[in-house]
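To start, the structure under review is shown below, and the notes come after it.
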Amino acid sequence: MKKVITYGTFDLLHWGHVNLLKRAKDLGDHLTVAISTDEFNKIKNKKSYHSFDNRKMILESIRYVDKVIPENDWEQKIKDVIEHDIDIFVMGDDWKGKFDFLKDYCEVIYLPRTVGISTSKIKTDLFRINNG
Ligand code: C2G
């Protein structure tokens with residue numbers, strides 16, 4: 001069984017996220033998503049609208065997602081790949097090159113980001129709509 005893993009905040013889940021999750025799942029048979037905790041989001045300087053529990057619950061409802069684990073820090077990826085017997089690590093290509101150290105442990109694939117959508121775009125657009 002070919003196991004895939006990916007990491008992210010996945011706040012205000014949108015079609016760009018789903019597109020990533022679908023392509024990641026299509027690379028193997030099982031997809032694990034490590035979702036950033038609220039504490040780790042602080043380290044990433046990201047404030048998510050939905051709490052960790054709610055972002056996790058939403059991700060678990062996605063047909064492409066088989067397992068959701070917490071992402072607590074930047075250091076856990078090698079341990080995760082080993083412990084979860086991962087074959088392929090996948091991220092959007094805004095991270096291209098940043099996780100190449102994982103190539104000693106698994107395949108590393110950066111997929112093209114979906115153009116035209118992002119959580120910050122949603123927030124900005126909503127602000128504009130509600131403020132004339
Ligand atoms: N993504 C995408 N297309 C978009 C928006 C996001 O392909 N239009 C991808 C990102 O490249 C990432 C994933 O969706 O692979 C999740 O995006 P975020 O929730 O923004 O994740 P990020 O904050 O980049 O966290 O350790 C890695 C970090 O946790 C990544």
Side-chain angles (χ1 to χ4, degrees):
M1 174 168 75
K2 197 173 268 193
K3 295 185 75 181
V4 185
I5 196 168
T6 191
Y7 292 72
T9 299
F10 294 99
D11 190 33
L12 301 180
L13 200 74
H14 54 67
W15 42 280
H17 291 136
V18 174
N19 205 4
L20 186 282
L21 295 169
K22 180 185 181 334
R23 286 176 294 161
K25 178 60 181 281
D26 286 348
L27 290 168
D29 310 293
H30 183 282
L31 175 62
T32 299
V33 181
I35 184 167
S36 312
T37 59
D38 296 330
E39 296 75 18
F40 183 50
N41 270 338
K42 280 202 194 83
I43 296 172
K44 292 200 294 186
N45 276 325
K46 264 195 163 180
K47 177 125 188 47
S48 63
Y49 180 79
H50 293 309
S51 69
F52 169 79
D53 288 342
N54 288 333
R55 288 183 285 114
K56 179 172 183 291
M57 182 257 261
I58 293 169
L59 267 192
E60 284 167 342
S61 75
I62 301 293
R63 72 175 62 189
Y64 308 119
V65 177
D66 297 289
K67 186 178 180 62
V68 179
I69 62 173
E71 179 185 31
N72 298 294
D73 53 54
W74 290 114
E75 292 73 37
Q76 69 184 75
K77 292 186 174 69
I78 293 175
K79 182 173 67 65
D80 290 345
V81 166
I82 294 167
E83 279 180 9
H84 293 273
D85 196 21
I86 299 296
D87 303 289
I88 308 175
F89 167 88
V90 174
M91 285 303 290
D93 62 4
D94 45 316
W95 291 95
K96 193 164 179 55
K98 297 286 188 306
F99 302 113
D100 287 358
F101 63 86
L102 288 170
K103 284 182 177 169
D104 297 337
Y105 304 92
C106 64
E107 213 180 318
V108 174
I109 295 179
Y110 301 103
L111 295 172
R113 269 177 80 88
T114 302
V115 178
I117 185 69
S118 67
T119 304
S120 33
K121 178 176 178 350
I122 293 170
K123 290 176 180 175
T124 319
D125 290 353
L126 282 175
F127 181 81
R128 283 211 192 96
I129 293 166
N130 294 307
N131 294 276

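If you read the sequence from its start, that first residue is 1, and numbering goes on from there. Ligands are counted one by one from 1 in listed order, and the atoms in each one are counted from 1 as well.
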Identify, for atom 29 (O) of ligand 1, the protein heavy atom at the shortest distance, and state residue, atom and that distance. Glu71 OE1, 2.6 Å
Thr114, Asn41, Val33, Leu20: member with heavy atom nearest to atom 8 (N) of ligand 1: Thr114
Using a strict cut-off of 4.0 Å, indicate which atoms of ligand 1 neighbour a heavy atom of Lys44. 22 (P), 23 (O), 25 (O), 28 (C), 29 (O), 30 (C)
Here's a test for you: under side-chain hydrogen bond (donor to acceptor under 3.5 Å, both in side chains), which of Lys42, Arg55, Lys44 qualifies with Ser36? Lys44
Atoms of ligand 1 close to Ser36 [distance to a heavy atom under 4.0 angstrom, numbered from 1]: 29 (O)
Looking only at heavy atoms, what is the nearest atom pair of Pro70 and Thr37, with distance? CB-CG2, 3.9 Å
Non-hydrogen side-chain atoms of Phe10 and Ile58 separated by less than 4.5 Å: no
Check whether any side-chain heavy atom of Lys3 sits under 4.5 Å from a side-chain heavy atom of Lys67, and report yes or no. no
For atom 12 (C) of ligand 1, which of the options Ser118, Gly92, Gly116 provides the nearest non-hydrogen atom? Gly92
Side chain of Tyr64, backbone of Asn19: donor and acceptor closer than 3.5 Å? no
Ile117, portion touching ligand 1 at heavy-atom distance under 4.0 Å: both
Looking at Phe89, I'd like to know if the NZ or CZ of Lys77 sits under 6.0 Å from its six-membered ring centre while staying within 45 degrees of the ring's axis. no
Between Arg113, Lys98, Lys121, which one has a non-hydrogen atom sitting closest to atom 7 (O) of ligand 1? Arg113
Give yes if a backbone or side-chain nitrogen or oxygen of Tyr7 is under 3.5 Å from a nitrogen or oxygen of ligand 1, and no if not. no
